[in-house]
Number of protein chains: 2
Amino acid sequence: MTQADTRELRYFIAVAEERHFARAAARLGIAQPPLTRTIQKLERGMGVRLLERDSRGVRLTEAGTVLLREGRVALERVGAATRRAQRAGRTPATLVLAVKPGGDGGLLTEILAAHAAEPDAPDVDIVCVGAGEQAAAVRDGRADVALLHRPDADLTGLDREDLLVESQVALLPPHHRLSGHARIRVADLEDDPLPRWPDTAGELSGAGIREAGRLMQLILVGRLIAVGPESVRRYAWDGVACVPVVDAAPTTLALAWPEDSRSRAVSAFARVATAVASRHRDATVHEPGP
Amino acid sequence: MTQADTRELRYFIAVAEERHFARAAARLGIAQPPLTRTIQKLERGMGVRLLERDSRGVRLTEAGTVLLREGRVALERVGAATRRAQRAGRTPATLVLAVKPGGDGGLLTEILAAHAAEPDAPDVDIVCVGAGEQAAAVRDGRADVALLHRPDADLTGLDREDLLVESQVALLPPHHRLSGHARIRVADLEDDPLPRWPDTAGELSGAGIREAGRLMQLILVGRLIAVGPESVRRYAWDGVACVPVVDAAPTTLALAWPEDSRSRAVSAFARVATAVASRHRDATVHEPGP
DNA sequence: CTGGGTCATACCCCGAAGGTATCAGCGGTG
DNA sequence: CACCGCTGATACCTTCGGGGTATGACCCAG
């Protein structure tokens, strides 16, 4: 025996993450002794020491570090496989699209309409996920395709089609020193006293915000500034200033799907989406907005 | 319960591939009834019908088709995770490189020497695999990196670094009508009566050849012609003609590794390999061969 | 109708996953 | 130093489910 099974992997990951058998057991909903035994059996089966234990806890060996990293993605693939199969079995056929609220570049309604007009197009289910989770949703099988922004999103394991290049705007509180400006530069924000979303590192206020309303709220009360693609304009609350950041690297709205799943439904959707996007590009070129 | 475990997946894949419970059971080394029960339990757990059975066999449902495809890669990931962890635990650290015999573009010895000269470089194990299997070896965790040729190899799930662009040569039997030519074109081979490797479709003689000696043998006796990168010249048997194909799309020798595993050892090896390759490129530019 | 093929069901056995109680090491602290 | 409190490991029991054999239900060909 050498191939770990999912139970052993789940158990090992729990211990490796908690670095503590009893806590891991609690998290798994089992008692500590069987957990200890399972890990021992896993180590024996693999012929490798995964954890260094002593009386005050657990450390990962080199092999354990690798198995934690690799095991996570392996388990994710197993989960994705079952979820995708489950969805494929549900009738009628449905395409699940993951989007971040407000992260559609203003194209979504148009894309959906165009797609629905196609002959025998499957229904499209929309799943709203937190910022930055669209790719994960596709990877773990909750969704078939995602609308997301490059290069913010991590696209490992995904294929993509670019739809739209968007310049960036800063969202500023009403009385911010820059909120009156017609345009600003990245450097202007550099030494701003307010933390900046989305690259607020660590546990500063607003680090893990994944909901637009909460973000707007924090900006409005002057606790945060944010930078995002142009299309967020239409979701900005009244009072929040939207100022173009002229020299920020533009962000690209893209459609992404699992790299190995070239299903007909996904291809068709991608084709429609790119068509809509290119129409949209032409339109903005010919009749620029106010 | 919704997450299939590896045993269920393995069993399902066997049945789906054999399209026959008894044969699948034999392949798995178990009896047919427990296999039936396991599949039933899997279907119940997932809430989806995977197989359509009747008294003369098994067909896949839509969901079953998806699970077969996705389940295969999921299982592969699980196997890769355990194998990589096992190797990470073996001391001393070893880097495993997958190559096809003769598929190293003549760089391998030089790369190995340069790598060995690096401070605290891990030992390099060389694994020879059949043609076109290098990528699979990396994916399933048997190897850490691979030398392979683009675009022949399927690189899904892998990152790469290009080393060398090679033009293509045709390997022809001694008395072939084109073997005297100094150079030929793709069109010249178009309607050749002999089957051509590696794109011989189906089960024609020599379709699945993965060993250079056997290939040379078949060419020498006039049963096959082959097209490959320039560097195969040095492995061609005496009598086999090597004729440049001037308008064939060049092939690129690349180093590939798993897209998510950015281990220090792999990065270091890649750096050395690209350095050697670029030295090699410069050398051939400055003093072209005879 | 019978025979040979399919997958499903019935029933039994045993291994292993899970639980409880307890042990064994180690590090603080009075 | 003794003791407590924390860690993971061990012993022992129960139970559940994976595996086996025998057989059934069904379909098709002759």
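Predicted model, so just to flag it, every value in this text is computed and none were measured. Per chain, numbering begins at 1; letters A, B, ... match sequence-line order.
Taking 4.0 Å as the cut-off between side-chain N and carboxylate O, A/E70 and B/R87 do not count as a salt-bridged pair. Under a 4.0 Å N-O distance rule, the pair B/E17/B/R72 qualifies as a salt bridge. Under 4.0 Å is where a charged nitrogen must lie from a carboxylate oxygen, and between A/D54 and A/R59 at least one such pair does.
For A/R37 and B/H20, each mapped to the nucleotide of DNA chain C holding its nearest heavy atom, the one lying further toward the 5' end belongs to B/H20. Take the nearest nucleotide of DNA chain C for A/R7 and for B/F21: the residue whose nucleotide is more 5' is B/F21.
Within the 4.0 Å cut-off from OP1 or OP2 of D/dG17, not a single side-chain nitrogen or oxygen of B/K41 is found. Here A/R53 reaches the OP1 or OP2 of D/dA9: one of its side-chain N or O atoms lies under 4.0 Å away. Phosphate proximity of C/dA8 to B/T36: present, with a side-chain N or O under 4.0 Å from OP1 or OP2.
If you measure from atom CG of A/L50 to atom P of D/dG8, you get 16 Å, rounded to the nearest angstrom. Rounded to an integer number of Å, the gap from CG of A/L42 to P of C/dA16 is 15 Å. One can place CD of B/Q40 at 14 Å from C1' of D/dG17, the figure rounded to the nearest angstrom. As rounded to whole Å, 8 Å separates atom C1' of C/dC26 from atom CG of A/D54. The nearest whole Å value for the distance from the CG atom in B/L51 to the P atom in C/dT6 is 16 Å. Rounding to whole angstrom units, CZ of residue A/R49 and C1' of D/dG8 are separated by 11 Å. When rounded to the nearest whole Å, the span between CD1 of A/I39 and C1' of D/dT10 equals 17 Å.
To the nearest 0.5 Å, atoms CZ (A/R69) and OG1 (A/T65) are separated by 8.5 Å.
Minimum heavy-atom separation, B/A273 to B/L255: CB-CD2, 4.1 Å. A/D159 approaches A/E259 most closely through the heavy-atom pair OD2-O, 3.6 Å.
Contacts with DNA chain D (heavy atom under 4.0 Å) in residues 22-35 of chain B: B/G29, B/I30, B/A31, B/P33, B/P34, listed by number. Interface residues of residues 9-18 of chain A facing DNA chain D, ordered by number: none; criterion, heavy-atom separation under 4.0 Å.
At a threshold of 4.5 Å between non-hydrogen side-chain atoms, the residues B/R7 and A/D5 do not count as touching. Within the 4.5 Å cutoff, the side chain of A/L42 has no heavy atoms near those of the A/L9 side chain. Proximity of B/F269 to B/E118: side-chain heavy atoms (C-beta onward) are nowhere separated by under 4.5 Å. Side-chain contact between A/I126 and A/L112 is present, with heavy atoms from C-beta onward closer than 4.5 Å.
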Practice task
Please lay out, stage by stage, how B/T156 and B/R139 fare under the test side-chain contact (heavy atoms from CB on, under 4.5 Å).
Solution key: CA-CA 9 Å; B/T156 37; B/R139 260 191 291 270; 3.7 Å; yes
Fill in the blank from the handout: Under a 4.0 Å heavy-atom criterion, the protein footprint on nucleotides 24-30 of chain D, written with B, S and -, is --BSS--
